[in-house]
Each structure stands twice: as C-alpha cells, then as structure tokens.
Amino acid sequence: MAIQGNLPIGIFDSGFGGVSVLREIAALLPGEDLLYYGDNANAPYGGLNEEQIRTVTLAAVGRLIDRGIKALVVACNTATSASIETIRSEVSLPVIGMEPAVKPAVRMRSRGKVLVLATAATLRQQKLHTLVERLGNPDYLVPFACPGLVELVERGVTSGPELDEFLAGLFTPLRGLDVQVVVLGCTHFVFVRLAIENCFAPRPLVVDGNQGTAANLVRELARRDLLRQAGEDRQGAVEFITTGERERCEPTFQRLMAVPY
Ligand code: DGL
C-alpha cells in the first residue's frame, strides 16, 4: 500500500533524548506533523543487553507504526545500534537511525583527543566499531560510557549543581587529558551540552548526530515524494506519546522542547 504524505513522521527514543532530534526536525520541516514516542517506562536502554534492547525497541516501533506514520526516526543511538537492521527488515516505511558524529569530529580535530560519549550498549556494538575501523582506528579516539547521565535527563535535570557535581565525578578519570572534540553519541546528552563543555579546559568543540539524522530524513522523504508541499502554509502539530506516567512526563517533555542547549 502506498505511504500517505499527509501522515505524521514518527520519532522514537527510550525516553526524552529524542526530543533533541525532534527539535531539529521541526526546525527543518515546520509544516510536518510529528508524533513522538518516548518509552520512558523502560528507559534507560543503555544498561540492557542487545536482546532486551531489541525487544523493547520493536514493541515501541510496532505501536508507533500502528498509529499511522509515513517515516520512522529511531532517535536513539542505543536502539539504532542494536536494532536498526531488524527494524528495516520488518518495516516497509523509510527508517532513519542515529550515528554518533565520529566522522565530523575527526574532520574537526587538529590536536589532542576526540572523546566519544555514549551509553555502554552503544560503545560495545559492532556498528560503532565498524565506523571507527573505517576511519583507520585512530588512537586519539577515546570512547567513554556515562552511566547515570541518561537518568538525570529523564528526571529533567539539564543544568544546576546536581548535574555539575555528577559530571565532575564522572569525568574524574579524564583529568589532564587534552580533549579537543567531544562527540555526544547519545541523544539525551545533547540537553546537557553546555554543562559538558564546562567540564573541560580549554573549552572543547562539541558535535552531535542530530543535524545529520534530520538531513537524512529530509533526503529520504524527498526521494520518495513524501514531503508536504513547501508552499503549504501550515504549522505542523507535535504529539507526545509515552509509556511512562503522563502527569510526570508531559511537563518534562514540554520543558525539553524549549530548554536551550
Ligand atoms: N537516547 C539514547 C541514545 O541515544 C538512549 C539512552 C538510554 O536509554 O540509555 O543512546
């Protein structure tokens, strides 16, 4: 059956991280309706094994597709790493995933280290290893897992002393390292970009994969002639679905839609 161009674009994440991707998509495609699915009840995915990540991801994707969407954005590096091939094999819609922005980071670097921040699950997946191998396994790439950081963002903590103390403790093993570029390899981390920047001196360059994903989505929709008409004067609607408690999650979603980073 042909996909209808007036359906919303589905955006999925384990929780709130993908809201940063949604914002990028809304900026590029203001006339499109966006349906955001946060699996907040099961977040974080980063501590799960591959089989568990695939199970929760496929369940979420199935529910999102049942609502009627014209394309699926897996706005989660962890779910992309563990499940993107499985999703693509089961779904006939355009499926766009995340990729940690290691390639642009390598281009930006002129000295020191490139710190790749992601969940433990993303860091151990073959997808990232293949990407790094293709770049010739540069010895200046430093992968670094951030257990606990997703949980803070899930609670809506994106600035302030609790976050600063947490990050200072997390990055203690990196003290003295000359970090020139930081890759935000988890969509949740985009919300704490400013606090992460402040942890390193001199201030590092920081890069994420959100723009790349949004650009891939536009390209894919254009290729399949699924974009709404450019001249159409309409403001797209944004709908939030969550597996978490609605009264707790809705205010955090709204705040993250507007918080600066
Ligand atoms: N937002 C996520 C990512 O990009 C997942 C974080 C998690 O649930 O652990 O990896």
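Both ligands and their constituent atoms are indexed starting at 1 by order of listing.
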Derivation and outcome, side-chain hydrogen bond (donor to acceptor under 3.5 Å, both in side chains), residues Gln180 and Ser110: CA-CA 8 Å; Gln180 189 194 13; Ser110 58; 3.0 Å; yes
Asp13: numbered ligand 1 atoms lying under 4.0 Å from its heavy atoms: 1 (N), 2 (C)
Atoms in ligand 1 with a heavy atom of Ser14 nearer than 4.0 Å: 5 (C), 6 (C), 7 (C), 8 (O)
Salt bridge Asp39-Arg63, side-chain N to carboxylate O under 4.0 Å: no
NZ/NE/NH1/NH2 to OD/OE distance under 4.0 Å, Glu50 and Arg54: no
Ligand 1 contact by Ala43, heavy-atom criterion under 4.0 angstrom: no
Is [X] in polar range of ligand 1, meaning some N or O pair under 3.5 Å apart?
X: Thr119; result: no
X: Thr122; result: no
X: Gly46; result: yes

Candidate pair Cys249 and Phe16, rule side-chain contact (heavy atoms from CB on, under 4.5 Å), full reasoning: CA-CA 9 Å; Cys249 292; Phe16 291 124; 3.9 Å; yes
Arg109 NZ/CZ over Tyr140 ring centroid, <6.0 Å and within 45° of normal: yes
Residue, atom name and distance, where the atom is the protein heavy atom closest to atom 7 (C) of ligand 1: Tyr45 N, 3.3 Å
Mode of Val150 contact toward ligand 1 - side chain, backbone, both, neither (heavy atoms, under 4.0 Å): side chain
Thr122-Thr119 side chain donor-acceptor pair, cut-off 3.5 Å: yes
